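Quick caveat: nothing in here was measured; it's all calculated off a predicted structure. Naming: A, B, ... by sequence-line order, numbering from 1 per chain.
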Amino acid sequence: MTNAERFIEAYDKWADAIFRFAYFRVYNRESAKELMQEAFCRAWQYMVDGKEIDNLRALLYQIARNLIIDQSRKKQAVSLDQMKEKGFEPSNILDNIEKSLDHEMEWRATMAGLGRLEPEYREAVELRYVAGLRPREIAKITGQNVNVVSVRINRGVQKIKQYLAEDKK
Amino acid sequence: MLWNYWRKLNRSAVKLRLSKTEKAFCRLTVADYMSSHPVRISEPIRQLYWQKQIILTFKSFLTPKFMIPVILILAVALSGGTAAAAQSALPGEALYVVKTEINESVLAAFSWSAEKKAEFQERLIEKRLDERAELIENNKITSLLEEKVAKQIEKHVNKTKELVAKLEKKGNNIAAESALGKLSNYLATRQAALEKAGEAKPELKAKVEELKKDIEAKQVAMALKIAEIQQSAGADAVAVKNAAQVQLDNFAGRIADTKSLFADAREKMSPEQIKKVEEKLAATDKLYAEAKVKFVAGQYFDSLKSVLAAHKEIIVARQLIAMKNWEKKLDAEESDLDNDEDKAAELKDKEAEKAVESKLKAAESELKAAEKAAEIKVKAEEKAAEIKAKAEEKLAESKAKADEKAVEVKKEAEKKSKDSEEKD
């Protein structure tokens, strides 16, 4: 199998996952799609430049993450409050999701816990449980130590547990 | 509760996906990008998924990959001066085996990649030739030793071929071609030298021809691989154009590189060789110019073909330039022999003498061995007879004892039956 074939195979496998990863950060279907596409093109460019790829999946997440960070830096002028004024509600992301997602309440409930986490914990927990990556892969993507990642996942989970208990009360 | 939470989260998240049309459209965009940015060096993607990486822990040092060199190093270190002394040993000397089988194995263990290993084998071929030259210099060469050296070289040649096959399997066609090229250079110059000396070996010639064919096949395979990559990335006019552009760009550098190599080596080359290289370089320039013209005219595929033809020419030119080292070495060897014919004659006499001596010695040792064998046979027969006699004696004894016991047992049984009868 040639590299091009393997790459296209990788696209078929992970396009949705990378799209999802981007979507949970930009909350916009079109932007998430563009980010996913850009991540794949950049990963290919990586090979064109003659660099070696150890783990393509991790590289794709890493590129997508960097693209999202770049994008958010460019849009720093627009604060969250301003966005809210314009009617944006972070937890109200269901509008953008395909209609196949029918249990609105369930979704809101599950997202609520994640949404309350601090960004670094949220990222670690999402990559672990939504994207299904291993701590080592997450460490590669975020450029942190594996131990730090493991601690973040653990603490994130504990916090969600706490939120859920509080909600129940 | 938490488990439920994760299940819900995962179930909900999975539902968030691209529609089929969206996915297909993005796929097209990515494929388009790929075909307009072809990968020049086909370094394979190591793994699509995460796999255990090599992390150097204490445990990982216990694997054969690490332990073999460690054991070899220890063996050399513990043998101390032996290994060092062996380094200068020549064929026929006692320590030569230590040098080729232990010292060189240790050094070979330090070449991790197949490419480096192939290079190392080529260096060893050179070394064997140096040793042969030294033997000639010291008047120590015999037909037996010559054969030994030839066998060693054959071993290195075979090993290099194995490594080339490995490189090819890995997709590193460039390295495979270069290693094969070096090998064929060496064999070709060796053959030329032998022809000059009037002792051409047909099998060597056949080998050179075989290697040349192999190299050509490899070049064709390389061209095919490029075409294959184009196809897999959606072969169209744009892809071929890009491939041709890349080849043209790369080739300009290769021409410049070869020309500078030629300028450096020119002084040491024979006029005949210089002429040949110049011819090849002119042919390369011509083909390259043709490729450029075809590219401008929009005949991208033909342009690509011309570049590949130029590539073939330049490979030959580079081989000719590289040849000078081998030829110099062989010339030196030959001049040693040519300049001193008496020495050669003497050498032959000595060889003959030595051959007779060795034959005599062999006959003597055969005789001795036969004598010893006869002695051993006689002794063995004597011992066998002794053992047989002893065994027979023992057998008779044990038989007598058994008979006695049987009689006793019978008597007792009779007594007992009588007693019981009486009681009744």
Side-chain angles (χ1 to χ4, degrees), chain A residues 1-13 15-17 19-20 23-24 29 33-34 36-37 40-41 44-45 47-48 50-58 96-98 100-103 106-107 109-111 113-114 126 129-134 136-137 140 157 160-161 164-165 168, chain B residues 1-55 171 225-235 239 242 246:
Chain A
M1 196 187 263
T2 63
N3 270 344
E5 283 166 354
R6 294 193 89 187
F7 197 82
I8 288 295
E9 189 195 326
Y11 172 86
D12 289 339
K13 228 170 214 163
D16 280 321
F19 164 72
R20 211 172 293 141
Y23 184 81
F24 282 145
R29 197 176 179 86
K33 222 162 66 185
E34 274 169 26
M36 178 273 289
Q37 220 170 271
F40 274 96
C41 290
W44 180 255
Q45 186 59 43
M47 279 168 62
V48 173
K51 290 172 192 161
E52 239 174 57
I53 297 178
D54 270 345
N55 181 340
L56 183 59
R57 183 156 73 141
N96 287 312
I97 299 175
E98 263 187 295
S100 61
L101 190 65
D102 42 8
H103 304 296
E106 183 184 302
W107 175 252
T110 43
M111 283 309 289
L114 262 185
E126 248 177 44
Y129 294 105
V130 180
L133 295 168
R134 293 177 189 189
R136 239 183 226 167
E137 283 174 294
K140 208 170 181 193
V157 169
I160 288 177
K161 214 173 179 178
L164 289 176
K168 240 190 173 177
Chain B
M1 185 172 64
L2 201 63
W3 167 240
N4 259 346
Y5 175 81
W6 295 129
R7 219 178 46 194
K8 274 182 201 169
L9 182 69
N10 211 281
R11 215 170 48 202
S12 310
V14 168
K15 282 178 187 167
L16 176 70
R17 56 169 68 215
L18 293 159
S19 71
K20 269 188 183 170
T21 340
E22 278 175 324
K23 200 170 175 180
F25 194 78
C26 291
R27 190 183 201 264
L28 216 73
T29 319
V30 172
D32 198 36
Y33 183 87
M34 284 163 69
S35 63
S36 58
H37 296 79
V39 176
R40 293 177 195 189
I41 307 157
S42 54
E43 182 72 44
I45 302 172
R46 282 207 190 148
Q47 56 196 62
L48 289 178
Y49 302 95
W50 183 259
Q51 277 170 13
K52 208 175 168 190
Q53 274 196 340
I54 298 171
I55 295 163
K225 202 152 206 173
I226 291 168
E228 192 186 301
I229 290 168
Q230 297 310 325
Q231 252 181 12
S232 61
N242 284 318
V246 167

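Of the possible polar contacts, none joining the A/D16 side chain to the B/R17 backbone as a donor-acceptor pair under 3.5 Å is found. The closest donor-acceptor contact from the side chain of A/Y11 to the backbone of B/K23 lies under 3.5 Å. In this structure, A/W44 contributes its side chain and B/V30 its backbone to no donor-acceptor pair below 3.5 Å.
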Full working for side-chain hydrogen bond (donor to acceptor under 3.5 Å, both in side chains) between B/Y33 and A/Q37: CA-CA 10 Å; B/Y33 183 87; A/Q37 220 170 271; over 6 Å; no
Given B/T29 and A/F40, is the side chain to side chain contact (heavy atoms under 4.5 Å, CB included) satisfied, shown in steps? CA-CA 10 Å; B/T29 319; A/F40 274 96; over 6 Å; no
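Annotation: the span from B/E22 atom CD to A/F19 atom CZ amounts to 6.0 Å, rounded to 0.5 Å. To the nearest 0.5 Å, the span separating NZ on A/K33 from SG on B/C26 amounts to 5.5 Å.
Contact annotation: the side chain of B/M34 approaches that of A/I8 to within less than 4.5 Å [non-hydrogen atoms, C-beta and beyond].
For a residue to count as touching a neighbouring chain, one of its non-hydrogen atoms must lie under 4.5 Å from one of that chain's; by this rule A/Y129 touches chain B with backbone and side chain alike.
Closest heavy-atom contact between B/S19 and A/R29: N-NH2, 3.8 Å.
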